[in-house]
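This report concerns only the one structure given below.
Every chain is numbered from 1, with letters handed out A, B, ... down the list of sequences.
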Amino acid sequence: MTGNRTVKVASAVSTASSVDYSIDMVAVSKKFKRATIKKAGYTTIKSAILGLFIGGEKKQIAYTQAINNFTARIPKGASLGIIGKNGSGKSTLLKLITGIYRANSGTITVNGRISALIELGAGFHPDFTGRENLYLGGIMHGLKREEIDSRFNEIVQFAELENVIDDPVRTYSSGMYMRLGFSLAIHTDPDILIIDEVLAVGDAGFVNKCKEKIEELRKAGKTLLLVSHDLGAVERWCDEVIWLHNGTEMDRGNPRRVIDKYRQWIEKKEERDLISEEDLGLKEDIALEEKQISARWGSREIEITSTRMKDKDGNEHALFHTGDPVTIEIDYKVNEVVAEIAFGIGINRADGLVVHGTNTDIERIIIPPLDKMGTASYQIESIDLVAGSYLLDVAVHRRDGYPYDYHQGVLKFLVRSEFAQAGVFAPQHSWSFSVSSKGSELGSESARRQAQS
Amino acid sequence: MNHMARQLIQFKSLIWALVTRHLAMRYRGSLLGFLWSFLNPLCLMLVYSLVFRYYARMPGISNYTVFLFTGLLPWLWISSALSEATSSIASSGHLITKSMFPAHILPLVPVITNFINYLLSLPLLFIFMWIDEIPFHSTLLFLPVLLAVQFLTLQGLGLLLGSLNVYFRDIQHILGNLLTFLFFLCPILYTPANVPDQFRFSIDLNPLAQFTISYHALILDGVFPSLYSIAVMLGFMALSLIAGYMVFDRHSESFAELL
């Protein structure tokens, strides 16, 4: 795609200022017919002809709004990251910019030549050799044969494919595919480089090389558009980030800020999903293992009315980070006054391993006389568990163990950690190293790293 | 349409690259390689000659083998080009959905490759003509015009069928049967004189049959096709091109969503 391109001019806005922008999108919307999304929904001649005569089944055409009223201006030389969960419209947006899709409304103005890596090996013919594909691809990128001739060796060298360039690309590994595609894309003098997730398959060495090349292109004033789930890469390479959700912009701005916000939102969402999953489990109680996990028995002289897990600010959560303070609250109701009461807590890993179990009797805690209703709290200063999902048991029983109300698996909670540690226990810890040899007069240098925040 | 014609010129090296690849791929891995371009029509010709020259004798045709070959070669071009063009867009989803690929050149590629195949098999026809001592008429000089008309007709039809096939995958299956049907309705194995009067319409109203008749006229009889034939062929060519480009123009935007 050479030169300037304006897609679907609803209201032309090619003022002089828009030349400073490489991509200018105003109120862009794209919706897909449900039938066109669903692969099985091919119309057949039969149904089309029947439709003509019978007037169709008058089926309601459902639309999916992939991009909704999206406006963004990308200045020349900027590098923009687009993040968002699967199905948020990231790829659709790129396909709109490259002209593979056409918007239903709005204006997209593109100044300059786009080189797009939409998908792994996009546009490569599997039966053609690497050499033939480079020529075909180069021509599609708007290069002349002689131009490809002159930079052919450079492209192949960058891709590190000298030995296999005359083999059919179907014999290539996904990494080789990516290297060929990437190398071609950056050697076609693009003004705008669009990369959709493809760097994920590269090995560290090549990714570093790409990074240098991208840096080089950025210094040369080229525009970069990067879509990735690798938030680290987005943060490193982009000077602005757009967070896309259901086809609309949730936030835009400084990478660190937007990415942090996005991360928090993802965690919140996971937590919500977990809680609703738990509700479902209790309500339906279908699966046998669910029954075993969550069970309740006892004579109910004292009854547990509800159980909560809270963070240090008193907000209810089902997701904690390793080292977070956690408070477990047990609401109870006294149905019949009894003596010798003990409250118990148990934490089990999802696979049934007992992680922790205690009660007030074991710890010789004196329980004050209970009111008719009240709350027992169990405070954990720091939840030193490795990442995983855990189940909470709570119980009120007689000191000899006779159960008043024993509630197994009352809550399910997740622990997340920055580090993928093994086992169950994640103690607060630090590492240090001292040099004991005579060689160094610097004394002992210790590298300390707090593993938990 | 103008815009697309300009694109065709812009992408001529891409088209050429695809055509050479297509030709090379066709016989890749086969021992006889390119010889198959000659062997395939030759085998067909041998079978049909055997049946219609010796078993069920077709009356009133001298030099049956050459007669058959004259009509069979352009037909092979038509049938291969159309069946390959029909599936060309639908089977290139990887190009259309993931890169900025000019879809309208896809149906053109098989039209060109099969045209080249036709040109390569022409010497074979001339050799048979020489063996059978059939004179080389000056009307042969107008063969390129006929080829050009057929080329443009196929381009239009290919674009039409290729575009529709994205929506109705049935077309590629229907076409296979339709082509067999049409093969026997074109005067390739017989002459129009062999057709009973009440069925003459199947020749007169069949634009593809007019092509066959015109090849016979230019190559074997040394006369120009009738004005009627010329009118039908040119009309059909215009219709195919207009229909092909109109349908493509209207629907190509949603190809990427459908594939």
Side-chain angles (χ1 to χ4, degrees), chain A residues 1-2 5 7-8 30-33 35-37 39 41-49 66 91-92 94-96 98-104 114-129 132-133 135-146 148 168 181 185 196, chain B residues 3 6-29 86 88 90-103 105-106 109 161 164-175 177-178 249-259:
Chain A
M1 291 284 130
T2 349
R5 189 172 55 82
V7 180
K8 184 107 181 188
K30 175 70 185 172
K31 57 186 177 184
F32 292 110
K33 257 186 216 161
T36 63
I37 291 174
K39 280 248 175 189
Y42 288 128
T43 4
T44 58
I45 288 191
K46 191 185 87 186
S47 62
I49 292 174
S91 294
T92 306
L94 293 192
K95 288 187 176 183
L96 285 169
T98 52
I100 292 172
Y101 289 158
R102 183 160 288 199
N104 295 106
I114 294 181
S115 193
L117 280 164
I118 297 288
E119 227 162 296
L120 200 62
F124 284 159
H125 195 302
D127 285 326
F128 290 10
T129 65
E132 289 160 341
N133 269 305
Y135 275 96
L136 279 182
I139 290 164
M140 271 164 54
H141 276 98
L143 293 183
K144 293 197 180 65
R145 236 190 142 70
E146 310 81 66
I148 305 168
D196 185 1
Chain B
H3 162 74
R6 243 181 290 123
Q7 274 210 318
L8 283 183
I9 297 164
Q10 186 196 332
F11 287 115
K12 71 171 190 299
S13 46
L14 178 59
I15 295 171
W16 190 242
L18 286 171
V19 167
T20 49
R21 284 314 309 143
H22 199 120
L23 284 172
M25 291 312 299
R26 184 174 284 181
Y27 301 115
R28 175 167 287 187
T86 299
S88 63
S91 63
S92 298
H94 61 290
L95 292 176
I96 291 165
T97 56
K98 294 172 193 172
S99 64
M100 298 160 268
F101 196 88
I105 70 169
L106 289 170
V109 171
L161 293 170
L164 289 178
N165 191 53
V166 175
Y167 292 87
F168 310 106
R169 301 297 168 98
D170 312 54
I171 286 182
Q172 60 198 59
H173 304 294
I174 293 172
L175 188 77
N177 294 305
L178 194 67
D249 231 13
R250 264 189 67 179
H251 297 290
S252 61
E253 277 171 21
S254 43
F255 285 169
E257 293 164 34
L258 284 158
L259 292 171

Q.
Could you report the tightest heavy-atom contact between A:Ile100 and B:Ile96, atom names first, then the distance?
A. CG2-O, 3.4 Å
Q: Please list, chain by chain and in numerical order, all residues satisfying ring pair (Phe, Tyr, Trp, His ring centres under 6.0 Å) with B:His173, sequence neighbours excluded.
A: none
Q) Which distance, rounded to the nearest 0.5 Å, do you find between the OG1 of B:Thr97 and the OH of A:Tyr101? A) 7.0 Å
Q: Would you please name every residue forming a side-chain hydrogen bond (donor to acceptor under 3.5 Å, both in side chains) with B:Asn165, sequence neighbours left out?
A: B:Gln172
**Q.** Choice from A:Arg145, A:Lys144, A:Lys30 maximising heavy atom contacts with chain B below 4.5 Å
**A.** A:Lys30
Q | Between OG1 on residue A:Thr129 and CZ on residue B:Arg21, distance to nearest 0.5 Å | A | 6.5 Å
